[in-house]
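Here's a structure for you.
The basis for the numbers below is simple: all heavy atoms, side chains too, and nothing from hydrogens, waters or symmetry mates.
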Amino acid sequence: MSSQESGREKETIELDEARLQGQAEIWRYMFSFADSMALKSAVELRIADIIHSHGVAITLSKIASCINGSLTSPDTTTLARIMRLLVRRKIFTVHHPSDGGDPLYDLTHSSRWLLHDSEQTLAPMVLMENHPWLIAPWHCFSQCVKERGIAFKKAHGREIWDLASGNPEFNKLFNDGLACTSKVVTSAILSGYKQGLSSIESLVDVGGGIGGLISEIVKAYPHIKCVNFDLPHVVLAAPAYNGIFHVGGDMFHAIPNANAVIMKWVLHDWGDEDCIKILRNCRKAIPRENGKVIIVEVVVKAEGSGVFDDMGFIFDLLMIAHSSGGKERTEVEWKKILEEGGFSRYKIIDIPALPSIIEAYPDDQ
């Protein structure tokens with residue numbers, strides 16, 4: 001065989017391998033929902049909690065014997081097949097004893113985030129995002145491209161907040177999911193933004209809900225005078241906290257004055273024009289000499305290789321599915337709305353969580 005023929009054969013082999021790899025990837029993406037469903041079933045069955053309660057690796061039969069709510073004995077064959085995938089995905093580990101005993105299953109750093117009673121858990125978010133109510137709008141994406149409109153409304157006939165206000169079961173599912181992620185992000189803010197918080201004298205949390213974030217901030221920094229700001233009916237439900245004033249209002253009209261404003265996962269719910277209005281009101285609320293706005297949001301990185309960077313793209317699609325015009329933004333997109341909102345200077349600070357902190361300063365500072 002000539003060198004030319006050998007080269008052509010090599011090219012043919014490489015092309016065949018690339019095509020095969022391409023086919024394999026489409027199969028994988030086609031069924032990537034299987035990972036989510038296996039994860040959801042593990043949370044519903046409290047498998048991580050069962051293993052954790054024993055304090056050691058345990059057998060499949062032991063896990064099955066501790067599953068509550070079964071009218072009959074659990075199907076260990078189905079459970080084994082679910083666990084086999086979750087082990088492959090490194091959610092759990094399995095150890096095969098040398099004496100030939102039954103395999104022993106244990107937790108990993110991933111499955112510890114599925115513990116229901118842990119202060120830092122994502123279990124409610126797994127249940128929320130994989131519930132048929134929240135999955136349905138994803139099926140409307142192509143319809144949104146063709147017709148425009150809001151995916152959630154196409155799926156359910158009303159927007160997400162309207163469904164939550166009229167359906168107590170959905171409202172609890174939704175609030176539990178958001179509350180657990182808020183705790184995770186709040187912990188990351190407190191550990192990753194100490195220098196930024198320690199110098200603040202007064203702080204207003206815009207869109208602060210019932211005060212979860214700002215109550216933790218004032219515990220760590222009791223010298224800060226804190227205001228929790230949200231719609232009147234929201235703050236009416238907020239518990240009393242030492243050092244915190246609850247103020248009802250509308251961020252599109254005015255924001256209480258403070259040295260700094262913090263907004264966690266607020267701006268991604270809104271389009272650019274609305275974000276600019278909110279930022280301009282933030283600008284009016286802080287002093288030009290030393291004021292700042294602390295924005296806790298995802299920064300989408302087109303070429304990012306960080307541990308959370310893939311999730312930026314997924315969360316952007318999540319905003320199509322569940323919001324009414326919101327989106328995740330790249331740094332260029334953040335820069336544009338910050339400048340138009342009166343904040344020409346900013347810096348991005350990484351914290352140990354999915355979102356980053358964007359610390360923005362007024363134009364005339």
Side-chain angles (χ1 to χ4, degrees), residues 119-120 124 160-161 164-165 171-172 174-194 196-270 274-275 277-287 290-297 323 326 341 343 349 351 353 355-360 362:
E119 188 66 22
Q120 298 280 291
I160 195 165
W161 306 110
S165 65
N171 190 52
K172 184 178 187 313
F174 189 65
N175 287 338
D176 287 350
L178 296 187
C180 80
T181 56
S182 180
K183 286 182 179 179
V184 171
V185 174
T186 295
S187 176
I189 293 168
L190 292 174
S191 66
Y193 190 57
K194 293 177 181 178
L197 290 170
S198 61
S199 59
I200 295 173
E201 295 179 4
S202 59
L203 177 68
V204 57
D205 184 0
V206 173
I210 60 171
L213 169 61
I214 207 157
S215 65
E216 293 300 317
I217 290 174
V218 82
K219 281 181 193 174
Y221 302 94
H223 71 277
I224 302 177
K225 297 175 182 177
C226 291
V227 171
N228 179 53
F229 180 68
D230 212 311
L231 294 169
H233 74 274
V234 175
V235 297
L236 276 175
Y241 297 107
N242 289 330
I244 296 174
F245 294 95
H246 296 295
V247 177
D250 185 341
M251 63 187 174
F252 288 103
H253 294 157
I255 290 169
N257 292 338
N259 289 139
V261 168
I262 189 167
M263 293 184 286
K264 175 173 63 67
W265 272 338
V266 170
L267 296 182
H268 76 165
D269 285 327
W270 302 94
D274 285 328
C275 285
K277 290 176 187 176
I278 297 166
L279 287 167
R280 286 175 178 169
N281 284 336
C282 290
R283 174 66 192 84
K284 295 173 186 175
I286 60 175
N290 61 353
K292 64 182 176 182
V293 171
I294 304 157
I295 300 165
V296 185
E297 293 279 4
S323 78
F343 297 88
I349 302 166
I351 58 174
S356 300
I357 286 175
I358 306 170
E359 195 178 69

Review point. Which atom names give the shortest non-hydrogen contact between Pro362 and Arg283, and what distance separates them?
Key: CB-NE, 3.2 Å

Check your understanding: For Leu178, does its backbone N or O pair with a side-chain atom of Ser182 as donor and acceptor, under 3.5 Å?
Key -> no

Check your understanding: Tell me, do Val247 and Val235 make a side-chain contact under 4.5 Å, heavy atoms counted?
Key -> no

Revision key, fill the gap. So CG of Asp274 and CZ of Phe252: to nearest 0.5 Å the spacing works out to 4.0 Å

Point to revise | Validation row: Glu216, Tyr241 side chains within 4.5 angstrom (heavy atoms) | key: no

Exercise for review: For Ile286 and Val204, run side-chain contact (heavy atoms from CB on, under 4.5 Å): C-alpha distance rounded to whole Å, both residues' side-chain angles, the deciding distance at 0.1 Å, then the answer.
Suggested key: CA-CA 10 Å; Ile286 60 175; Val204 57; over 6 Å; no

Point to revise | Donor-acceptor contact present, side-chain Glu297 to main-chain Pro355, <3.5 Å | key: no

Review point. For Ile224 and Ile200, which heavy atoms make the closest approach, and how far apart are they?
Key: CG1-O, 3.4 Å

Practice item. State, to 0.1 Å, how close Asn228 and His246 come at their nearest heavy-atom pair, and which atoms those are. Key: ND2-ND1, 3.1 Å

**Study point:** Cys282/Met263 under side-chain contact (heavy atoms from CB on, under 4.5 Å): CA gap, chis, key distance, verdict
**Key:** CA-CA 10 Å; Cys282 290; Met263 293 184 286; 3.8 Å; yes

Review point. Considering all heavy atoms of both residues, which atom of Ile262 and which atom of Asp205 are nearest to each other, and what is their separation?
Key: O-OD1, 3.3 Å

Practice item. Decide yes or no on side-chain contact (heavy atoms from CB on, under 4.5 Å) for Leu203 and Tyr221, but give the supporting numbers first. Key: CA-CA 11 Å; Leu203 177 68; Tyr221 302 94; over 6 Å; no

Cut-off 3.5 Å, no hydrogens considered: what does the side-chain donor-acceptor table look like for residues 253-261, sequence neighbours left out?
| residue | atom | partner | partner atom | Å |
| --- | --- | --- | --- | --- |
| Asn259 | OD1 | Ser202 | N | 3.2 |
| Asn259 | OD1 | Ser202 | OG | 3.3 |

Review point. How many angstroms lie between CG in Leu197 and NE2 in His223, if you round to the nearest 0.5 Å?
Key: 8.5 Å

Check your understanding: Are side-chain heavy atoms of Ile351 and Ile189 found at a separation under 4.5 Å?
Key -> yes

**Study point:** Nearest heavy-atom neighbours spanning Tyr193 and Ile349
**Key:** CE1-CD1, 3.7 Å

Practice item. Over all heavy atoms of both residues, which pair between Ile295 and Leu279 is shortest? Give the atoms and the distance, please. Key: CD1-CD2, 4.1 Å

Point to revise | Residues, nucleotides or ligands: over 12 heavy atoms within 6.0 Å of Gln120 CD | key: yes

Check your understanding: Can you tell me if CH2 on Trp270 sees more than 12 non-hydrogen neighbours from other groups inside 6.0 Å?
Key -> no

Review point. In this structure, are over 12 heavy atoms from other groups packed under 6.0 Å from Phe245 atom CZ?
Key: no

Check your understanding: Taking atom CD1 of Ile210 and atom CG of Leu236, what is their separation to the nearest 0.5 Å?
Key -> 12.5 Å

Practice item. For Lys219 and Leu190, run side-chain contact (heavy atoms from CB on, under 4.5 Å): C-alpha distance rounded to whole Å, both residues' side-chain angles, the deciding distance at 0.1 Å, then the answer. Key: CA-CA 10 Å; Lys219 281 181 193 174; Leu190 292 174; over 6 Å; no

